[in-house]
Amino acid sequence: MTADPPPLPEVSDMRKYLSFVLLGVLSLVGLGAAVLGIAQSQSGTDLGQAVHNTLRAPNYSEYLVEKTPQGNQTASLVYQAPDRLGGWLQSAGRRTYLVIIGSTEYISVTRSTKTAGGPLTFYTQQTTGAQAVDPAHTYLPYWNCHGAPTCPTTRSGSVTTVKLSQGGQTEKLNYTVTGNVVSKFTAVTPGGTISLEISKVASSPAVALPKGAKIIAVPSQSAG
């Protein structure tokens, strides 16, 4: 008798993990009534151009940290244009590996960080694409308040600070420009903090499944 495959809590966990992109940042901007203030520097690459350069790069590496009262979560990812993303997500001593290629998402069984070696088994499902999950493609477009009617722009060194305020709550977004790309994004919100470091722009390794990986398709929800 063939044993049933292990359950896939990591699929929903990964979705929940990545939902931190809604950690107040998007909710305030989406209300369209934020009070906006930006501080920028007087020299170096313009922030808008740096955002464009970063998101148009062939690849880059990302290290993400989210801290909330419920605990800390981290991710190490590589984005490869136009439709690949790979790396791991980690929380509470457990790690899930993720690879997105085109419209297919490969997710490993969540395992302890103490387990030696990389994942060999991945489950697949359809996805909306790498850019929809990629943190840089989520955060960086907010450099100009994502289309808000007003967005004053001034500079201080290499850091641009965007303050969004409404209903007595304030969210602070910081963008650091190094050379001609964005190298760091941080957000301080009532619900926690987010830190995204971007490195190896145009020099990151290719995104691919590890050699010897076993691929198992997740059964269709409508099957049976």
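Any value given below was found using the heavy atoms of this structure, including those in side chains, with hydrogens, waters and symmetry copies removed.
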List the atom of [X], the atom of [Y], and the distance in Å for their closest heavy-atom pair.
X      : Y      : result
Thr45  : Ala50  : CG2-N, 3.9 Å
Pro205 : Ser61  : CD-OG, 4.4 Å
Ser183 : Thr178 : OG-OG1, 2.8 Å
Ala75  : Leu89  : CB-CD2, 3.6 Å
Asn59  : Ser203 : OD1-N, 3.0 Å
Ser103 : Gln126 : O-OE1, 3.2 Å

Exercise. Walk me through it: do Asp134 and Leu77 pass the test side-chain contact (heavy atoms from CB on, under 4.5 Å)?
Key: CA-CA 8 Å; Asp134 176 41; Leu77 302 165; 5.7 Å; no
To the nearest 0.5 Å, how far apart are [atom1] in [X] and [atom2] in [Y]?
X      : Y      : atom1 : atom2 : answer
Ile107 : Ile216 : CD1   : CD1   : 13.0 Å
Thr74  : Glu66  : OG1   : CD    : 10.5 Å
Ile194 : Thr186 : CD1   : OG1   : 9.5 Å
Leu209 : Ser108 : CG    : OG    : 11.0 Å
Lys114 : Arg95  : NZ    : CZ    : 13.5 Å
Thr110 : Arg94  : OG1   : CZ    : 6.5 Å

Taking the side chain as every heavy atom from C-beta outward, state whether [X] and [Y] have any atom pair closer than 4.5 Å.
X      : Y      : answer
Val159 : Thr161 : yes
Leu140 : Tyr175 : yes
Pro58  : Gln80  : no
Glu62  : Leu85  : yes
Thr127 : Thr104 : no
Ile101 : Asp83  : no
Pro210 : Phe122 : yes

Quiz item: Could you go step by step and tell me if Gln131 and Tyr79 meet the side-chain contact (heavy atoms from CB on, under 4.5 Å) rule?
Solution: CA-CA 8 Å; Gln131 290 188 11; Tyr79 172 77; 3.1 Å; yes
Practice problem: Apply the test side-chain contact (heavy atoms from CB on, under 4.5 Å) to residues Tyr123 and Tyr106: give CA-CA distance (whole Å), side-chain angles for both, the deciding distance (0.1 Å), then the verdict. | Solution: CA-CA 5 Å; Tyr123 291 82; Tyr106 303 85; over 6 Å; no
Self-check item: Identified side-chain contact (heavy atoms from CB on, under 4.5 Å) counterpart of Tyr60 within the set Val182, Val181, Ile198
Solution: Ile198
Quiz item: Do side-chain atoms of Arg84 reach the backbone of Val207 as a donor and acceptor pair under 3.5 angstrom?
Solution: yes
Quiz item: Using the ring of each side chain (for Trp, its six-membered ring), is Tyr139 parallel, tilted or perpendicular to Phe185, with breaks at 30° and 60°?
Solution: parallel
Exercise. Say whether Ser158 and Thr176, considering side chains only, have a donor N or O and an acceptor N or O under 3.5 Å apart.
Key: no
Quiz item: When clusters are formed by joining ILVMFWY residues with side-chain heavy atoms under 4.5 Å apart, either directly or through shared neighbours, do Val65 and Val188 land in the same one?
Solution: no
Quiz item: When hydrophobic residues are tied together by side-chain contacts of less than 4.5 Å, even through go-betweens, does Leu64 share a cluster with Leu55?
Solution: yes
